[in-house]
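Just so we're on the same page: letters track the sequence lines, and every chain starts at 1.
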There are 2 protein chains.
Amino acid sequence: MKMQQKENAISKLIQQLEKLPGIGQKTAQRLAFHIINMKTEDVKALADAILSAKTSTKLCRVCCNFTEDEVCPICKDEKRDKSIICVVEEPQDVAALERVKEYKGLYHVLHGAISPLKGKYPEQLTIDVLMKRLSDPQIKEVIIATNPDVDGEATASYLARLIKPMGIRVTRIARGIPVGGDIEYADEVTILKAIEGRREI
Amino acid sequence: MKMQQKENAISKLIQQLEKLPGIGQKTAQRLAFHIINMKTEDVKALADAILSAKTSTKLCRVCCNFTEDEVCPICKDEKRDKSIICVVEEPQDVAALERVKEYKGLYHVLHGAISPLKGKYPEQLTIDVLMKRLSDPQIKEVIIATNPDVDGEATASYLARLIKPMGIRVTRIARGIPVGGDIEYADEVTILKAIEGRREI
């Protein structure tokens, strides 16, 4: 069976699908059989979408988010507040923040977080691009929205140390009990952060 | 955001991925961003695997399972027992049965089950192909391994009525408590089938 699996096109597809995150052997098999049962035009549309997402996506010259143009729609948008930049780890984070429809400033995508253990050093992130942006005198605040984990916190401290001397306000997103969450089940560090971050009501 | 989502290549990819079974919006997004971060050659390999699985897969002339040749490797295999045919609904079922490495006979893939409610009638399945196969006098038994649900049972009865008059033994796979399962949580019909199917120990 193992030998046979290497030979045919279905098994090759299953192998390719298994490489994707969160797709195990059973899911890969189910998807592969589904794809074979799809209409040929739909299969072509899927394959095309995969290729063109890869080939036509580049990094915005300004904020390093994924885009198809030189400058992304958010950076180009005249209505966005250009005095504030929210720094995130990944393009997905921009998508998540945009879904809230509340934040009207700009973004900067680092493409990772500093993590010496994982071999990620500051020079591998887009920190140099961010620093050049911050020379623009209209920028008043940088919100650091890296993840509240070890790497994200280290990156936040690192950036704060670099940016504060430039006379720009540096803020960090609040950490606390998630809405709908339960204090009883929250970990100690989260509870600590929730108390530290308490506000007048 | 909705408007913008329709325009770019990433959103198109997310839309395509969301059409796959078991892939919701969040998973589609995670997969899309993963694909963009993959090496170009790996993305090409994935897209090629999708297209070639679709284009190079056809139905085995004998058993109607997916194959790349005229006749599938199982039907071609001289070592398989040609006196017994196991009838299943889908190609996935053959893969599942082959994983057990116990059954050494042949298969027949119906490509569905009879279900008037879902608009699936006997003529849309590969029952005619099966009937032609059964005219071969070396076939002694047909094991019906359609799913133990309403459609699968209806299909099993239909096939049994057709095949029995030909003097071929027709058997049905056992229904009962799954191994590792719990009688306490089994439904009544399964318990009934388990009692009916009891054996001397």
Side-chain angles (χ1 to χ4, degrees), chain A residues 1 3-5 7-17 19-23 26-27 29-58 66-69 72-74 77 90-93 95-96 98-99 101 111, chain B residues 1 3-5 7-17 19-23 26-27 29-58 66-69 72-74 77 90-93 95-96 98-99 101 111:
Chain A
M1 193 64 191
M3 278 293 287
Q4 193 189 310
Q5 274 202 343
E7 286 161 43
N8 70 63
I10 302 177
S11 307
K12 271 186 203 150
L13 175 56
I14 294 173
Q15 280 170 28
Q16 287 295 332
L17 293 171
K19 291 185 193 166
L20 297 173
I23 309 270
K26 287 221 167 171
T27 311
Q29 195 176 303
R30 189 162 43 94
L31 289 175
F33 282 115
H34 177 89
I35 286 167
I36 293 163
N37 280 323
M38 274 162 63
K39 282 185 210 146
T40 306
E41 68 233 51
D42 292 339
V43 175
K44 279 191 184 136
L46 172 63
D48 282 352
I50 288 171
L51 281 177
S52 62
K54 177 65 188 176
T55 52
S56 66
T57 302
K58 42 194 168 186
F66 288 145
T67 178
E68 283 174 64
D69 311 308
C72 79
I74 293 175
D77 189 344
E90 301 291 349
Q92 294 89 301
D93 302 330
E98 283 297 287
R99 273 198 294 276
K101 296 184 172 65
H111 290 278
Chain B
M1 195 60 193
M3 280 291 289
Q4 192 190 311
Q5 276 203 341
E7 285 159 44
N8 71 64
I10 302 176
S11 308
K12 269 185 204 151
L13 174 55
I14 294 172
Q15 281 169 28
Q16 288 294 332
L17 292 171
K19 290 185 194 165
L20 297 173
I23 309 270
K26 288 222 166 171
T27 310
Q29 196 178 303
R30 188 162 45 93
L31 289 175
F33 282 114
H34 177 89
I35 287 166
I36 293 163
N37 280 323
M38 273 161 64
K39 282 187 212 146
T40 306
E41 69 231 51
D42 292 340
V43 175
K44 278 192 186 136
L46 173 63
D48 282 352
I50 288 171
L51 281 176
S52 63
K54 176 66 188 176
T55 51
S56 66
T57 302
K58 44 195 170 186
F66 287 145
T67 178
E68 284 173 65
D69 311 309
C72 78
I74 294 175
D77 189 344
E90 302 292 349
Q92 294 90 300
D93 301 331
E98 282 297 287
R99 273 197 294 274
K101 297 184 171 65
H111 290 276

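Here the side chains of B/Ile74 and B/Glu98 are in contact, with some heavy-atom distance below 4.5 Å. Side chains of A/Phe33 and A/Leu13 form no contact here, defined as non-hydrogen atoms less than 4.5 Å apart. Contact annotation: the side chain of A/Leu17 approaches that of A/Leu20 to within less than 4.5 Å [non-hydrogen atoms, C-beta and beyond].
Among A/Ala32, A/Ser52, A/Ala45, the residue making the largest number of heavy-atom pairs under 4.5 Å with chain B is A/Ala45. Among B/Gly22, B/Ala49, B/Pro91, B/Ser56, the residue making the largest number of heavy-atom pairs under 4.5 Å with chain A is B/Ala49. Looking only at heavy-atom pairs under 4.5 Å with chain A, the residue among B/Lys54, B/His34, B/Arg30 that has the most is B/Lys54. Residue with the most contacts toward chain B among A/Thr27, A/Thr55, A/Val43: A/Val43 (heavy-atom pairs, distance under 4.5 Å).
Annotation for A/Cys72 and A/Thr67: closest pair CA-OG1, 3.5 Å, computed over non-hydrogen atoms.
Within the 4.5 angstrom heavy-atom criterion, only backbone atoms of A/Asp42 (N, CA, C, O) approach chain B. With a 4.5 Å cut-off on non-hydrogen atoms, A/Lys39 touches chain B through its backbone but not through its side chain.
The closest donor-acceptor contact from the side chain of A/Thr57 to the backbone of A/Ala53 lies under 3.5 Å.
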